[in-house]
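Heads up, the thing below is written out as structure tokens.
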Amino acid sequence: ATHIASAKRKRLLDVARDLARSGQHPDHRSVIAELEAMEGFAEARGWFEGSAMRLQLNRLCAVAQTRPSRIDIPGR
């Protein structure tokens, strides 16, 4: 059971960081709002309420906002 909880936590944290890096979210609030629909988020909500996690997500969002948008070219 602990292994499953740990795997869910890692998955949610990875998704949160990916969302923050996407450039589509201005801050942690937007990222967390998107995560709320994911399975297992209710149990994980506390992990995202810590100031360290919010700060990390805010920094990732800020960096992503300053980078130029990536253009995907088919075949590359």
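Starting from 1, each residue takes its place in the sequence as its number. Worth knowing before you read on, the calculation uses all heavy atoms, side chains too, and leaves out hydrogens, waters and symmetry mates.
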Tell me which donor-acceptor pairs under 3.5 Å the side chains of residues 12-19 have, and how far apart each pair is, sequence neighbours excluded?
| unit_1 | atom_1 | unit_2 | atom_2 | d |
| --- | --- | --- | --- | --- |
| Asp14 | OD2 | Lys10 | NZ | 2.7 |
| Arg17 | NE | Gln56 | OE1 | 2.5 |
| Arg17 | NH2 | Gln56 | OE1 | 3.3 |

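- No single ILVMFWY cluster, assembled from side-chain heavy atoms under 4.5 Å apart, contains both Val63 and Leu57.
- Between Ala64 and Ala20, the shortest heavy-atom contact is CB-O, 3.5 Å.
- Here ring-ring contact (aromatic ring centres under 6.0 Å, His included) pairs that include residues 15-43, with residues two or more places apart or in two chains, are Phe41-Phe48.
- Applying the salt bridge (Lys or Arg N to Asp or Glu O under 4.0 Å) test to residues at least two apart or on different chains, the pairs with a partner in residues 22-31 are Asp27-Arg29.
- The hydrophobic cluster containing Leu55 does not contain Met53, counting ILVMFWY residues as joined when their side-chain heavy atoms lie under 4.5 angstrom apart, directly or transitively.
- Applying the salt bridge (Lys or Arg N to Asp or Glu O under 4.0 Å) definition to pairs two or more places apart or across chains, those involving residues 33-56 are Glu36-Arg45.
- Under the side-chain hydrogen bond (donor to acceptor under 3.5 Å, both in side chains) criterion, Arg59 pairs with no residue at all, not counting sequence neighbours.
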